[in-house]
Structures are given as structure tokens and as C-alpha cells.
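To start, the structure under review is shown below, and the notes come after it.
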Amino acid sequence: MIKALIIEFHILFLIFLTFLLDFFLPEEKKGTILGYLNAILLLLGILLFFYFRNYIDTFIGDFYLDKFAFALKLLFFSAAFIGIMGSIHFVENELHKRKAEYYMLLLTSVLGMSILVSSKNFLLFFIAFELMSIPLYVLSAIKKYDRLSPEVGLKFFLVGAFSAGIMFFGISLIYGASGNLDFIKIKANVFDITPLFATGFILLLSGMGFKIATFPFHSWLPDTYEGAPESFVAFLSVAPKAAGLGAIFRIIFEVLPSSRSEFLLLIVILSAFSMFIGNLLALPQKNLKRLLGYSSIAHIGYILVGVAAGSEKGIAMVVFYLFAYMFSNMGAFLFAETVRNTIKKTDIDDLRGLAQKAPVLSLSMLIILLSLGGIPPVAGFWAKLYVFLAGVRAGLWYLALWGAILSIVALFYYLMVAKRMYIENSEEEFRTNMPLGLKLAMIICIAGILFFGVFPKILYNFSFWAAGSLLH
Amino acid sequence: MNIPLLFVSPAICSILFFFIKEEKRNLIFNLSLLFSLIPFLLSFYFLKIFLFNPLTKITLFTCSINGLKFAFLIESFSFILIFLNNLLFPLSIYFSKDDILFRIKEFNIWMLFSQSALNLLFLSDSLLPFFIFWEFSIIPFYFLIGIWGGERKKIANYKFVFYTLLSGAFLLTGIIGVLTGFFDEKSKIGFLLFSLAFAIKIPLFPFHTWLPDAHTEAPTAGSVILAGILLKMGTWGFYKFLLKLFPVAFLFYKNLIIFLSIFSIFYGALMSFAQEDLKRLIAYSSVSHMGFVIFGLCMEKISGIQGAFFQMFNHGIVTGALFILVGILYKRTHTRKLSDFGGISKIVPRFSFYFVLFSLATIALPGTSNFVGEFLVIFSGFFTKILYGVILSFAPFFAALYALKAVKRTLWGELKNKNLLTLPDLDLKEKVILISLTFFVILLGLFPHPFLYLTYR
């Protein structure tokens with residue numbers, strides 16, 4: 001019963017601990033101590049997962065701890081762990097008087113996500129959604145002294161508030177159509193899809209679309225990624241999207257009636273356009289963070305291929321993709337953070353000749369880029385292959401072909417970055433300034449990419465284990 | 001061929017390079033030469049086995065990851081390409097010793113990695129590892145052309161990478177379709193996806209435009225491997241996977257592919273004849289030669305397949321040697337324009353000897369190995385349809401056009417350019433490389449039996 005909330009209690013404990021220690025710790029070391037403490041406790045939390053992995057329970061009928069929620073919570077914890085490790089130096093050196101806040105807000109967002117993927121009631125769902133989103137708006141604007149950060153924070157907030165409004169409207173229409181807020185009861189009562197229900201669902205999907213940044217709702221994303229602090233963007237680019245996708249899966253498989261092919265067609269369209277727009281708009285970018293931002297729109301397109309497959313395999317492959325994507329995308333933003341930390345700029349042109357000046361850093365970025373581009377034998381390749389396999393098995397071979405062709409465009413701009421580092425030369429000095437936390441976070445990302453590239457079977461079996469619970 | 005060894009040896013070499021200073025050029029090159037010779041020596045062990053029984057198939061490694069099969073197998077056909085691969089890599093690394101002047105550690109690492117990747121590609125018996133190494137082989141060449149390439153390397157690199165990635169996208173979709181059972185042996189979409197991927201790589205006529213740029217702008221070692229091995233990835237995939245996966249759909253498109261291959265033969269030769277850049281001329285001749293290979297494979301007769309594999313091997317040797325000869329000239333004069341040369345046969349007689357020899361081999365003069373290959377292909381053409389044979393019989397004439405043009409404009413005539421008077425002749429290293437390539441041309445030209453024995457079914 002109450003044990004179903006064990007993971008959420010763990011995060012709450014961390015939040016309160018940070019809150020309390022904030023009063024006692026000396027200001028100049030607060031960022032480092034709290035950062036490592038939270039990271040270690042999150043790691044303990046991940047160990048907790050393995051202890052409770054077969055524990056399935058509900059709390060008052062609205063909150064479900066099943067295997068699917070479990071897998072995504074593991075992902076949030078890992079992303080928060082890497083994100084906190086990567087931002088310790090940033091918090092310590094650049095945030096004054098708000099050091100503990102950073103960690104508290106980030107953990108609160110994780111709390112929101114982990115409730116979101118477990119909720120089976122639209123009211124709880126919406127509250128968790130807001131609990132996840134609001135700290136993210138604050139965190140985007142946390143560099144108060146910066147020119148861009150408050151601006152993008154406001155932009156992100158306005159778009160987010162608007163999307164939440166749309167979503168809430170959608171939920172109210174679904175309530176009107178079915179007379180229920182509970183997922184299970186809605187599925188039991190609704191047999192054919194009325195126009196009211198369909199409108200509600202589409203509005204709900206649009207609201208979620210803002211959060212995961214699919215094609216027509218993507219415009220906030222590159223700006224936010226450019227302006228917000230890099231080490232936070234590493235977290236932002238993975239965890240909220242995973243949470244949003246988890247919620248979309250729950251809605252598709254646990255709310256919609258079994259005749260859902262029209263809705264899946266909608267997702268096919270979103271997927272095709274996201275891949276197209278994301279990859280094409282990434283081509284002319286001059287800033288590394290904007291490029292990664294557009295490329296992450298394209299990645300959402302690839303992930304939606306798995307969603308559109310609408311099968312157990314599709315779900316499993318999306319979980320696989322999310323883990324591979326977590327390691328590669330977080331690694332890419334940690335690289336951007338390293339570059340910014342060293343030369344205060346993140347333009348792609350500033351990377352000229354990096355391979356000569358910082359060979360190890362460039363090699364890690366090359367591996368990350370290959371993983372993002374889906375070149376074998378790294379984790380990103382398996383992710384893309386498995387998602388396409390799931391898609392083709394569901395008859396979506398044209399979407400897989402479209403994705404495969406567009407991934408050439410993607411490789412083109414990823415290799416442009418590699419070209420700056422490896423092929424071109426420059427006289428400018430580059431003394432890598434990589435603090436310990438950032439280094440460890442980067443090592444974890446690279447290790448994840450290489451490990452799951454060579455042994456995809458472990459992650460594959462884990463994904464199937466997680467996906468099974470959603471359909472039964 | 002020990003699979004872990006292929007993975008590990010370039011990795012060990014890269015780790016060793018970590019401890020060596022960039023200034024020790026000789027040590028670095030000797031080390032990488034040593035590591036690239038290991039698989040070459042290993043392949044003699046397999047030569048012995050296959051000469052004993054050419055039908056042997058040795059499974060080196062199989063496993064299944066989540067229902068996706070990974071199998072590596074060596075048979076006499078793949079052995080031929082692996083032998084060629086492991087012959088050309090040490091030679092081109094050896095040649096690069098005074099050709100590549102900067103960032104030599106990286107150069108050797110990329111070369112060794114691509115040697116291993118290509119070995120593993122030819123060993124792959126199932127689709128997925130084939131695709132993995134197909135994609136992986138792009139990365140080393142992206143850097144080889146991009147860093148050490150010629151003046152127009154930027155555009156050449158774009159073209160090469162774009163076309164190859166496009167072929168990879170078609171191949172990936174096709175492979176996913178086959179693995180999921182979506183494309184069966186009758187599937188025309190599946191056949192088209194696969195054949196587009198291979199046609200870009202081979203390259204067949206309308207998809208060849210990446211080749212002249214990439215081959216011309218790559219460093220000499222890169223050109224040798226590009227022409228010698230990378231083009232065979234396409235023909236090998238054509239033989240190994242396309243013909244076996246879609247036999248029914250193949251019958252439907254057979255005439256189209258035969259037409260394209262014949263067109264490639266003549267188009268490539270004529271385009272080659274029109275070039276004023278020596279390296280570009282040789283690059284275009286590849287289009288012509290690869291047309292023969294595809295034609296031979298399409299005939300589905302034993303002599304056609306034998307001839308096609310003979311031609312693959314010959315093309316690797318002869319075109320590789322011609323690229324090396326052009327590289328020798330370019331290293332000394334820093335020009336490749338035909339108009340800058342002329343009349344150097346008296347100044348560099350040894351160089352001229354090899355140049356004439358390999359040019360005649362391109363024309364398929366009897367006595368050189370190309371004659372045997374082309375003869376077998378034309379022979380199979382006559383057996384299928386007299387018309388094919390008649391048309392193909394004109395091919396050596398067109399080959400003579402460009403080959404003799406190259407010889408005449410470079411070696412013979414008056415010496416106009418006075419800078420060439422002090423041109424040094426071949427040194428020991430170049431002699432070693434050219435003699436070892438000549439050995440195969442003459443040996444297989446006069447005594448093709450072991451090769452025919454290996455490929456006879």
C-alpha cells in the first residue's frame with residue numbers, strides 16, 4: 001500500500017535534507033557538498049530500485065507502481081544523477097545564494113515526473129505534470145545575471161503554461177465524454193470514440209506534444225536550450241521528454257479503446273514531420289546547443305516511430321531508445337558545458353582543431369556524435385535499429401525508410417561537428433577546464449554508450465521486462 | 001581469420017601509439033605495417049585450406065542477439081576479397097611512409113581500423129554485421145579524405161559521405177524489411193532498396209558521380225583502398241545477399257541491371273578518355289571495370305561469376321598500382337595534369353616500364369590477368385545472348401582509348417616541361433610495391449588455374 005510510494009519518499013527525503021542542510025553549511029562549499037551528497041543518495045536510490053524491482057503495488061487506486069513506471073523512474077534517477085554531477089561546478093561558481101535551490105528544484109521536478117508516470121487518474125496526472133514543469137521554468141531562468149537565461153525562462157514558462165491550459169481543456173472534454181477521471185473506468189466505459197472524446201484526446205496529445213517538443217509544438221525548444229545553463233539542459237533534454245512519452249504511452253494503452261488506429265496514424269504524421277523539420281533545421285545552425293536542440297526534435301520523431309507501432313515491441317524499443325538517448329544526449333550537452341566552461345562560447349566554429357588540443361575530449365564527443373547519428377557499434381545504432389524494426393513489424397516500412405533517409409541528413413550535421421574538431425585547424429588555445437564532477441558524469445555517459453553498444457542484450461531484455469506490464 | 005584478433009589488433013596498435021612521440025615516423029609506420037601484415041600472413045593459412053578443397057566453408061563465429069543473427073563465415077569467394085584487402089593495406093601503408101607528412105599517428109589508426117572493418121565485412125554471413133561494417137567503413141574514409149586529401153577535398157568529401165550514407169539508408173530499410181519478414185523473395189521494393197544501395201557503392205552508371213571526386217582527392221593510399229576494396233563492398237553485397245535474397249524479383253529487373261552495367265562499361269571508358277587529370281582518368285576507368293563485374297554476376301553462369309571475381313581481384317591490383325604510379329608522379333612534381341607531362345620515358349625508364357605494363361593490363365592484353373577475367377565475362381555473355389557478347393567484345397577497344405592516351409601524353413612525345421629533367425626514378429620502396437603487384441598480374445595472367453580452381457563450383 002504505502003510501500004508503493006517508496007521511491008517518491010526517497011526523493012522527498014532528499015529535498016527536505018537539502019532544504020535543512022542549506023541552513024547549516026558554509027556558503028562557499030555548499031554547492032559541492034550538497035551536489036555530491038545528492039548524487040550519492042540518488043545512486044543509493046538506484047540501488048533501491050534493484051531491491052524493489054519485482055514489487056508491484058497501488059496506492060488508493062490512482063497511483064500504480066508497475067514495471068513500466070519502474071523503468072522510467074530508473075531513467076529519471078540516472079538522468080538526475082548525471083545532471084547533478086555535471087552541474088556541481090556550475091552551481092558552486094556561478095550561482096550565488098541560490099545553490100541549494102538548484103538541487104531542490106531539480107529534485108522536485110524528478111518527483112513530479114516519477115508521480116506522472118505512475119498516475120492512473122487525470123487529476124493526479126495533471127498535478128504531477130505541473131509539479132514536473134514549474135521547477136523546470138525556474139531552472140531555465142536561474143542564471144539571473146545572464147542576458148539570455150531569464151528571457152528563455154519566461155518564454156519556456158509562457159509556452160508551458162499555455163500547453164498546460166490546452167491539456168487541461170482536453171482532460172475536461174474527456175471527462176465530459178466519459179464521466180470519469182480514472183483511466184481504468186474510462187477504458188471500461190468508452191467503447192466507441194465520440195467526436196467529443198476525440199477532440200479531448202487530441203488536445204491532450206497537443207499539450208503533451210509541447211512537453212516532448214514534437215513538430216508543430218517545437219519552437220520553444222532551441223531557444224531554451226541555447227539560453228538555459230548547459231548542465232541543466234543535459235537533464236532537461238532527456239528526463240521531461242521521457243516522462244512525457246511515458247504519460248503518452250499510458251494514455252494510448254490504458255485510456256484509449258482498443259480501436260485506436262486513427263490515433264496512431266496521428267502519431268505517424270507527428271513522427272514524420274518531427275524527423276523532417278528537426279533534421280532540416282539543424283543543418284544551418286551555428287551554435288552547438290541549438291544544433292543539438294533541433295537534433296533532439298528529430299530524435300523525438302524517431303522515438304514516435306516506436307510509439308506509432310503500438311505494440312509491446314514498440315514500447316520496449318522506446319524504452320531502449322530513451323536509455324541510449326539519455327547517455328548520448330546528456331554526454332553531448334556535458335561536452336557543450338565543458339567547452340563553455342573553457343572558452344565561454346559554444347559556437348561550432350570554436351571547436352576548430354580541438355582534436356589536436358584536447359584529444360580525449362574530442363574522442364568522447366566523436367563517440368557521442370556517432371551514437372546520436374546511429375552509426376554502429378554504439379548504443380545509438382541499436383536504439384535506431386530496434387525502433388525501426390518495431391515500426392516495420394507493425395507495417396510502417398515507409399516511415400522507417402523516411403527515418404533512415406533523414407538520418408543521413410542528421411549524420412551530415414553531426415559529422416560537420418566532427419569535421420570542425422578533426423579536420424580543420426586553428427591557432428587558438430584551448431586548455432580543457434573540466435572539473436571532477438563533470439568528468440565523472442562524462443565518463444558515465446561514454447561508458448553507457450559503449451557498454452550498451454557492445455552488449456545491447458542487457459538493455460533489450462530490461463526494456464521488454466518493462467514493456468510487458470503496460471499491456472496486461 | 002581469428003575474429004577477436006581482427007578487433008583487437010588495431011586497438012592494441014592505437015594504444016601503443018599513445019606512448020610513441022609523433023616525431024618517430026619510422027617506428028610508427030613500421031609498427032602499423034607489422035599490424036596490418038598479421039591478417040595477411042593469416043590468410044595464407046586459409047589459402048592452403050581452400051586450395052585443398054575450394055568448397056570448404058569455415059564458420060568462425062555465430063551468435064544470436066535477441067533473435068538477430070550474427071554469423072561470420074569464410075568461404076573461397078570471400079577469401080579472395082579478404083586476401084586482396086590484406087594485400088593492398090600493407091602496401092598502401094608502406095607507400096604512405098613518405099607520402100603522408102603530418103598527423104601520421106591518426107592516419108595509421110584510421111587505416112588499421114578500416115582494414116579490420118573491411119575484413120569483418122567480407123566475413124559477415126548475415127545481414128546485420130554486414131550493415132554494421134558497411135556503415136562503419138565510412139568513418140575512417142571521412143577522415144582520410146578530409147584530413148589528408150587534395151585541394152578539392154571538401155566537396156569530394158561531402159559527395160562521398162552523402163552518397164555512401166544514402167546507400168546505407170536504403171540498405172538499412174531493406175535489411176529491416178528482410179529481418180522482419182516484410183520483404184520476401186518476390187518483393188520488388190526490397191530488391192530495389194538493396195540494389196540502389198549496392199548500385200551507389202559499386203557504382204553503376206547514374207549513381208557514379210561521387211566516385212571521380214572522391215578517388216581523385218583522396219591521398220594515394222586512400223585512393224588505392226577506395227578503388228581496390230570499397231567498390232567491392234557493393235559487388236560482394238550484390239553477389240552474397242541480393243542474388244540470394246531476391247531471386248524472383250531479380251529476374252524481373254535483370255535486363256535493366258544488365259543494360260546499366262553495359263552502359264557503365266562504355267560510359268566509364270569514354271568519360272575516362274575525356275579527362276585531362278591523370279588521377280581522374282584512372283578513377284573513371286573504375287566505373288568501366290565495375291560494369292564488367294556486375295555483368296558477369298548477372299549472367300548467373302559459372303564462367304560469369306568466375307570472371308566477375310577474377311575482375312574484382314584484378315581491378316584491385318591494377319587500378320591500385322596505377323593510383324600508386326600517379327601518386328609517385330604527384331609526390332615529385334605536385335601536378336597531375338596530362339598537359340604538364342610528356343616525354344618522361346627517357347628520364348624515368350623504370351617508372352615508364354611499370355606504367356606501360358599496368359596500362360596494358362587495364363586494356364586486358366593477353367598475358368595479363370585482366371585478359372582472363374574479361375574473357376570469362378565476355379564468354380558468359382556469348383552463352384547467354386550473342387548480342388551481349390558482341391557488344392562486350394568492343395570494350396577492350398574503348399579501354400585502349402583511355403589507357404593509351406594516358407601512356408602517350410605522360411611518357412612519350414617531346415619533353416616540354418624542363419622541370420621534369422631532374423625527375424628521380426623509382427626508389428627501393430616503390431620498386432618493392434610495384435614488383436609485388438606485378439607478380440600477381442603476370443602470375444594470374446599466365447597461370448590462372450589456382451584462381452579458377454578456387455571459384456569453380
Side-chain angles (χ1 to χ4, degrees), chain A residues 313 316-317 320 355-356 359-360 363 366 369-370 373-378 381-382 384-412 414-416 418-419 421-425 453-461 463-464, chain B residues 7 14 18 22 63-68 102-103 105-106 109-110 117 120 128-139 142-149 153-154 157-158 161-183 187 189-190 193 197:
Chain A
K313 202 169 172 78
M317 295 308 93
F320 189 106
Q356 314 270 2
V360 180
L363 184 65
L366 184 66
L369 288 171
L370 294 185
I375 293 275
V378 277
F381 164 71
W382 296 106
K384 203 169 270 183
L385 178 78
Y386 283 140
V387 164
F388 287 165
L389 269 174
V392 172
R393 213 156 260 167
L396 300 169
W397 65 269
Y398 49 90
L399 196 62
L401 177 64
W402 180 240
I405 289 174
L406 281 172
S407 65
I408 304 163
V409 181
L411 272 172
F412 193 76
Y414 290 134
L415 284 179
M416 288 283 273
K419 187 183 137 201
M421 295 194 299
Y422 276 86
I423 295 178
E424 290 178 5
N425 288 314
V454 182
F455 306 105
K457 199 165 186 171
I458 300 167
L459 194 51
Y460 183 90
N461 291 344
S463 312
F464 260 96
Chain B
F7 272 116
S14 337
F18 204 71
E22 180 84 19
C63 77
S64 161
I65 299 179
N66 314 320
L68 304 174
F102 57 97
R103 294 172 78 174
K105 270 195 219 172
E106 282 172 67
I109 290 173
W110 289 127
L120 288 165
L128 209 57
F130 180 76
F131 175 73
I132 287 177
F133 296 112
W134 177 283
E135 287 282 271
F136 190 74
S137 68
I138 303 170
I139 304 298
Y142 182 69
F143 293 113
L144 283 175
I145 300 177
I147 298 176
W148 297 277
K153 63 184 175 187
K154 223 172 179 176
N157 214 3
Y158 281 147
V161 169
F162 176 75
Y163 272 90
T164 330
L165 289 177
L166 193 66
S167 76
F170 289 129
L171 192 60
L172 177 63
T173 322
I175 285 177
I176 287 176
V178 171
L179 289 181
T180 48
F182 200 79
F183 297 143
S187 164
I189 298 169
L193 285 170

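What you see below is based on every heavy atom in this structure, not just the backbone, and it leaves out hydrogens, waters and symmetry mates. Chain identifiers are assigned alphabetically (A, B, ...) following the order of the sequence lines, protein sequences preceding nucleic acid strands; residue numbering begins at 1 within each chain.
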Worksheet entry | Aromatic ring pairing Phe182(B)/Trp397(A), orientation class (parallel under 30°, perpendicular over 60°, tilted between) | tilted
Item to complete: Measure the acute angle between the ring planes of Tyr460(A) and Phe320(A), then classify it against the limits of 30° and 60° as parallel, tilted or perpendicular.
Response: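 Perpendicular, since the angle between the ring planes exceeds 60°.
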Worksheet item: Looking only at heavy atoms, what is the nearest atom pair of Ala390(A) and Met317(A), with distance?
Response: CB-CG, 4.0 Å
Between [X] and chain A, which part of the residue has a heavy atom less than 4.5 Å away: side chain, backbone, both or neither?
X: Tyr142(B); answer: both
X: Leu172(B); answer: side chain
X: Ile138(B); answer: neither
X: Leu128(B); answer: side chain
X: Ile189(B); answer: side chain
X: Lys154(B); answer: side chain

Considering only heavy atoms from C-beta outward, does the side chain of [X] approach that of [Y] to under 4.5 Å?
X: Leu459(A); Y: Pro456(A); value: no
X: Phe381(A); Y: Ile132(B); value: yes
X: Leu396(A); Y: Phe388(A); value: no

Could you tell me which of [options] has the largest number of non-hydrogen atom pairs under 4.5 Å with chain A?
options: Gly181(B), Ala169(B), Gly174(B), Gly177(B); result: Ala169(B)
options: Val161(B), Leu193(B), Leu166(B); result: Leu166(B)
options: Phe183(B), Phe162(B), Tyr158(B); result: Tyr158(B)

Tell me, for [X] versus chain B, whether the close heavy atoms (under 4.5 Å) come from the side chain, the backbone, both or neither.
X: Phe455(A); answer: neither
X: Trp402(A); answer: neither
X: Leu406(A); answer: neither
X: Leu366(A); answer: side chain

Fill in: salt bridge (charged side-chain N to carboxylate O under 4.0 Å, His left out) partners of Arg393(A), counting only residues at least two apart
none
Item to complete: Please identify each residue that fulfils salt bridge (charged side-chain N to carboxylate O under 4.0 Å, His left out) with Lys419(A), with sequence neighbours left out.
Response: Glu424(A)
Worksheet item: What residue in Leu370(A), Asn425(A), Leu385(A), Ile405(A) has the most heavy-atom pairs under 4.5 Å with chain B?
Response: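 Greatest number of close heavy-atom pairs with chain B: Leu385(A).
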Worksheet item: Of the listed residues (Leu411(A), Ile375(A), Leu415(A)), which shares the most heavy-atom pairs with chain B below a 4.5 Å separation?
Response: Leu415(A)
Worksheet item: Would Trp382(A) and Lys457(A) satisfy side-chain contact (heavy atoms from CB on, under 4.5 Å), going step by step from the backbone distance to the final call?
Response: CA-CA 10 Å; Trp382(A) 296 106; Lys457(A) 199 165 186 171; over 6 Å; no
Worksheet entry | Stepwise side-chain contact (heavy atoms from CB on, under 4.5 Å) test for Trp148(B) and Glu106(B) | CA-CA 11 Å; Trp148(B) 297 277; Glu106(B) 282 172 67; 3.9 Å; yes
